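A short write-up of the structure that comes next.
Remember, predicted model here, so these are calculated numbers, not experimental data. Excluded from the calculations below are hydrogen atoms, water molecules and symmetry mates; all remaining heavy atoms, backbone and side chain alike, are included. Counting from 1, the numbers follow the sequence of the chain as shown.
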Amino acid sequence: MKFTLLAIAVCVITSAFAQNADGNSILVNKTLGVNQYILPPDTIPSSSDTLKLKLPSPANILDTTVKAAVDTIPTDSIGDVTRSRTNRIIQNRSIIELLSIPLSKRIFSWRFNDHFLEYEQVPIDTTLWLNHLFYPQQSIDESYTFLGNIGSPSVSNHFFSRPESNTFLLSRYFSAYGDRVQAIPQYNVRSPYTTLFYTSAGKRSEMEQLFSVLHTQNVNKHVNIGISYDHFGTKGIYENQHTRNNLITLFGSYHKGNMFGQASFVNRSFNNEENGGIRFADVVPGDTLESKLIPIWLANAKTITRERSISALLGYTFINIKEVRLATDTIDRYIPLVSTKLHLSRERHSRTFINTGSGDYFTNSYLTQGVLYDSIALTNWDLKAVLEINQFANIPGMPGLRGWVGYTHSSYHMFNPDNYIRGHSNNTFYSAHIGVAAFSESPYLSYRGAAKVYFSGDRADDKELRGDMRISLWNDPEMPQLKGKVLISETTPDIFYRTYFSNHFKWDNRLVKEKRFQLGASFEISKWATEIGYNVVHISDYLYFNSNSLPSQTSDITITSAYVQKNFRFLKGFNFFNRVVWQANTNSDALSLPDFIAFSALFYESVLVPGALTGQFGVNLTYSTEFYADAFNPVTGQFYNQRLVKLGNYPTVDVFANFKWKRAILFVKYEHLNQGYPHNRYFSAYSYPLNPQIFKFGVSWIFYD
């Protein structure tokens with residue numbers, strides 16, 4: 001009886017203290033359809049249900065609830081535990097206690113945030129919500145510019161949805177296909193967990209395929225290992241458009257007592273044939289000409305972009321303290337007051353451009369007119385040593401502190417004419433910085449901020465300050481919440497903005513630091529499936545690629561955007577989800593963006609077989625206003641300015657059906673239903689058309705026993 005009462009108390013306390021990484025409890029409303037956070041598959045309710053899921057907060061990210069051996073402590077001794085008993089309990093704690101995960105959770109996931117140097121939980125999504133939108137770029141429900149094929153480079157048409165930076169400039173437009181190695185998700189599961197996803201489309205000569213598998217399992221409650229594999233490939237609608245991308249990830253974690261650690265390894269290969277786009281820049285020939293007969297710019301060119309990286313994190317807690325308890329608490333709770341972390345990562349990137357043909361696509365040829373192999377590689381080592389003093393009371397504004405020292409060593413190689421005289425050699429550079437962070441968590445006020453200053457090396461005098469905050473008047477995540485964020489930075493331009501040499505492009509630039517001041521705010525009401533947001537950034541010495549596909553800087557530019565997102569439910573099963581983005585900027589010569597972006601989905605959802613099968617039937621539309629969409633340089637892998645043809649003002653419409661049968665999700669869709677209407681200018685990037693009408697199907701299956 002005593003044990004039962006204590007176990008119930010443990011569950012209550014764990015649930016009370018578990019909060020999410022943004023500082024608030026998460027409301028899971030499947031009518032919203034974005035940022036869905038869900039329970040394990042075997043506990044998912046019907047589509048009309050709303051769930052409350054507690055996630056850990058950054059402030060209490062290493063909080064521990066004493067659970068192990070509690071049944072051996074007599075009732076009259078609780079609150080007066082001896083030191084030896086306390087030490088034994090702490091030595092037995094696992095990641096479940098470290099992340100304050102409810103004992104009822106059978107599976108959960110987290111990642112390491114490299115900006116704030118903390119753990120944050122990752123949602124596991126198995127809901128039935130627009131599953132036919134499976135391209136990685138489609139996860140944010142906005143339009144984007146890409147080369148028409150899955151597995152090709154892409155960039156969001158919403159400026160504030162673009163990644164801030166990437167280790168390797170020449171592969172930054174593949175970022176949608178995988179996290180950086182430092183942020184690879186880790187898992188903890190009670191039983192082996194496997195997910196499979198497969199989709200296919202088109203006839204054999206144009207087939208598009210995506211295959212993905214994830215498997216993870218716990219060796220014991222302290223150790224987890226896992227592997228994932230992703231394949232993105234298509235033979236292409238047009239000539240020389242084949243893509244074949246393979247991504248392999250290994251990961252594992254160890255959390256026991258005062259020691260914790262995790263590691264991940266990625267091996268990624270992006271093999272893309274490069275046709276330079278079709279030679280029609282104004283309209284797509286459509287039915288008047290077979291797609292394989294449409295002339296292209298490059299017939300024998302391809303690129304190979306590779307990454308092989310590893311990341312490791314080790315930590316140890318030196319001092320644990322007993323938390324001040326409420327009178328109703330029945331067990332002691334210990335907080336790791338002082339901890340240390342050591343984070344090491346090594347990233348190896350390369351890009352090779354191969355051209356075995358000739359043509360009039362390139363203006364310059366500095367080395368050869370014949371067969372060409374242009375190759376560039378970058379290796380980056382990064383080390384951070386962190387000391388943390390945790391927030392020791394869940395009081396509004398009570399801070400925790402974190403400080404660190406970081407060192408980065410980089411080397412790169414690219415061929416240049418000097419190599420004929422001096423031979424091949426790597427160029428090296430380094431940078432060192434110090435950083436400090438503050439964080440706090442409570443039901444009504446949460447914040448986290450980090451500042452770092454580079455004091456030596458290539459990035460000397462660079463500065464960065466970032467933070468976010470959440471304010472709520474209610475201790476209820478369904479009620480209105482106000483969130484804000486800020487970024488102030490002064491950054492040395494990437495090495496490949498400054499120097500580059502290839503057969504067709506070269507530069508050696510003297511560039512100044514890019515300076516940013518960015519603010520963002522959002523007002524969210526999960527109860528009504530509503531979100532409103534606003535972002536503004538002022539950039540001095542903004543870096544971009546000009547119409548000659550060369551790096552350039554402009555003195556000042558200000559970009560502003562606002563968005564509204566809302567899902568309407570009506571007539572018991574109908575959903576009308578909408579996201580609308582408005583944006584503007586003060587320098588259209590340096591940056592071109594659509595004024596409006598819209599995504600809408602109208603569908604009906606119903607239980608077809610009670611307890612077994614749910615269906616979703618509808619139509620979705622993506623639209624952006626007319627703008628000078630970027631062109632693409634296959635040599636450098638960069639989108640760049642063009643001011644010849646405006647693209648956009650063309651909606652794309654898909655008809656779809658999604659089904660959830662127990663732990664399997666299936667979909668069928670007819671994509672680009674409106675091909676050729678209202679006109680045949682359905683380009684995504686300059687000279688790169690969207691794919692024509694095509695039928696697609698796919699299946700996702702979860703195995704968890």
Side-chain angles (χ1 to χ4, degrees), residues 109-112 114 122 134-137 149-154 163 165-187 193-198 209-217 223-234 242-254 261-274 302-314 343-354 373-383 408-414 426 496 637:
S109 178
W110 72 95
R111 64 160 52 99
F112 183 71
D114 196 43
V122 177
F134 59 88
Y135 280 19
Q137 310 94 308
N149 278 349
I150 191 171
S152 64
S154 67
S165 61
N166 191 277
T167 302
F168 188 50
L169 181 71
L170 306 188
S171 67
R172 60 175 171 167
Y173 295 118
F174 287 113
S175 61
Y177 295 97
D179 296 308
R180 292 184 63 190
V181 66
Q182 297 90 338
I184 294 297
Q186 301 284 339
Y187 291 82
Y193 176 79
T194 303
T195 63
L196 297 173
F197 177 74
Y198 175 79
Q209 287 185 317
L210 188 158
F211 175 72
S212 177
V213 58
L214 164 71
H215 176 77
T216 181
Q217 65 183 78
V223 179
N224 176 273
I225 57 174
I227 183 172
S228 68
Y229 170 74
D230 299 284
H231 170 79
F232 303 90
T234 179
H242 188 185
T243 66
R244 188 177 68 256
N245 303 340
N246 295 290
L247 295 76
I248 301 173
T249 302
L250 304 174
F251 57 88
S253 62
Y254 172 85
Q262 62 186 52
S264 54
F265 168 80
V266 299
N267 187 6
R268 295 167 177 159
S269 176
F270 300 89
N271 294 268
N272 291 14
E273 291 183 343
E274 303 284 356
K302 67 177 181 178
T303 58
I304 303 172
T305 305
R306 291 194 174 102
E307 177 188 359
R308 183 172 293 176
S309 302
I310 188 169
S311 174
L313 171 71
L314 295 174
H343 183 242
L344 174 67
S345 65
R346 189 254 192 193
E347 298 177 72
R348 166 73 177 179
H349 301 265
S350 66
R351 178 180 174 87
T352 303
F353 175 76
I354 303 170
Y373 288 80
D374 266 336
S375 182
I376 292 182
L378 172 73
T379 301
N380 193 73
W381 289 88
D382 186 79
L383 176 66
T408 302
H409 183 273
S410 303
S411 64
Y412 69 91
H413 169 75
M414 61 184 172
N426 288 344
F496 295 120

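- Using modelled atom types and a 3.5 Å distance limit, the side chains of Gln209 and Tyr198 yield a donor-acceptor pair.
- The two residues Arg111 and Ala183 make their nearest non-hydrogen contact at NE-O, 3.0 Å.
- The heavy-atom pair separating Thr167 from Leu378 by the smallest distance is O-CD2, 3.4 Å.
- A donor and an acceptor atom, one from each side chain of Asn272 and Ser152, are nowhere located under 3.5 Å apart.
- The only member of Arg172, Arg268, Arg180 that meets salt bridge (charged side-chain N to carboxylate O under 4.0 Å, His left out) when paired with Glu307 is Arg268.
- Ring geometry for Phe211 against Tyr229 counts as tilted: the plane angle lies between 30° and 60°, on a 0 to 90° scale.
- The closest donor-acceptor contact from the side chain of Glu273 to the backbone of His242 lies under 3.5 Å.
- Listed for the Ser109 side chain is a donor-acceptor partner under 3.5 Å among the backbone atoms of Gln186.
- Counting only distance, with no hydrogens or angles, the side chain of Asn224 and the backbone of Gln217 share a donor-acceptor pair below 3.5 Å.
- Atom CD1 of residue Ile310 and atom CG of residue Asn267 lie 11.5 Å apart, to the nearest 0.5 angstrom.
- Atom-to-atom distance recorded for His409:NE2 and Asp382:CG is 12.5 Å, nearest 0.5 angstrom.
- Residues Trp381 and Leu344 meet the side-chain proximity criterion, which asks for heavy atoms closer than 4.5 Å.
- Arg346 contributes atom CZ, which lies 7.5 Å from atom OG of Ser309 (distance to the nearest 0.5 angstrom).
- Using bins of under 30°, 30° to 60° and over 60° for the plane-to-plane angle, the ring pair Phe232/Tyr177 lands in the perpendicular bin.
- Counting heavy atoms from C-beta on, the side chains of Phe265 and Ile248 never come closer than 4.5 Å.
- When side chains are defined from C-beta on, Pro153 counts as touching Phe174, because their heavy atoms get closer than 4.5 Å.
- Heavy atoms only, all atoms of each residue included: Ser175 and Pro163 are closest at OG-CG, 3.4 Å.
- Expressed to the nearest 0.5 Å, how far CZ of Arg306 lies from CG of Asn246 amounts to 10.5 Å.
- With 3.5 Å as the limit, one finds a donor-acceptor pair spanning the side chains of Ser311 and His343.
- Contact annotation: the side chain of Phe197 approaches that of Leu210 to within less than 4.5 Å [non-hydrogen atoms, C-beta and beyond].
- Here the OG-CZ distance, from Ser350 to Phe168, works out to 6.5 Å after rounding to the nearest 0.5 Å.
- You'll find the side chain of Thr408 reaches within 4.5 Å of the side chain of Asn380, heavy atoms only.
- Judged by distance alone, with hydrogens and angles left aside, the side-chain atoms of Ser269 form no donor-acceptor pair with the main-chain N or O of Asn245 at under 3.5 Å.
- The local environment of CZ in Arg308 is sparse, with at most 12 non-hydrogen atoms from other residues, nucleotides or ligands closer than 6.0 Å.
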**Study point:** Audit row: Phe270, Leu247, side chain to side chain contact (heavy atoms under 4.5 Å, CB included) steps and yes/no
**Key:** CA-CA 8 Å; Phe270 300 89; Leu247 295 76; 4.3 Å; yes
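- The main-chain N or O of Phe353 is never found under 3.5 Å from a side-chain atom of Asp374 such that the two would form a donor-acceptor pair.
- Shortest non-hydrogen contact noted between Trp110 and Gln262 is NE1-OE1, 2.9 Å.
- A distance of 9.5 Å separates CG of Asn271 from OG1 of Thr243, quoted to the nearest 0.5 Å.
- Pairing each heavy atom of Ile150 with each of Gly233, the nearest pair is CG2-O, 4.1 Å.
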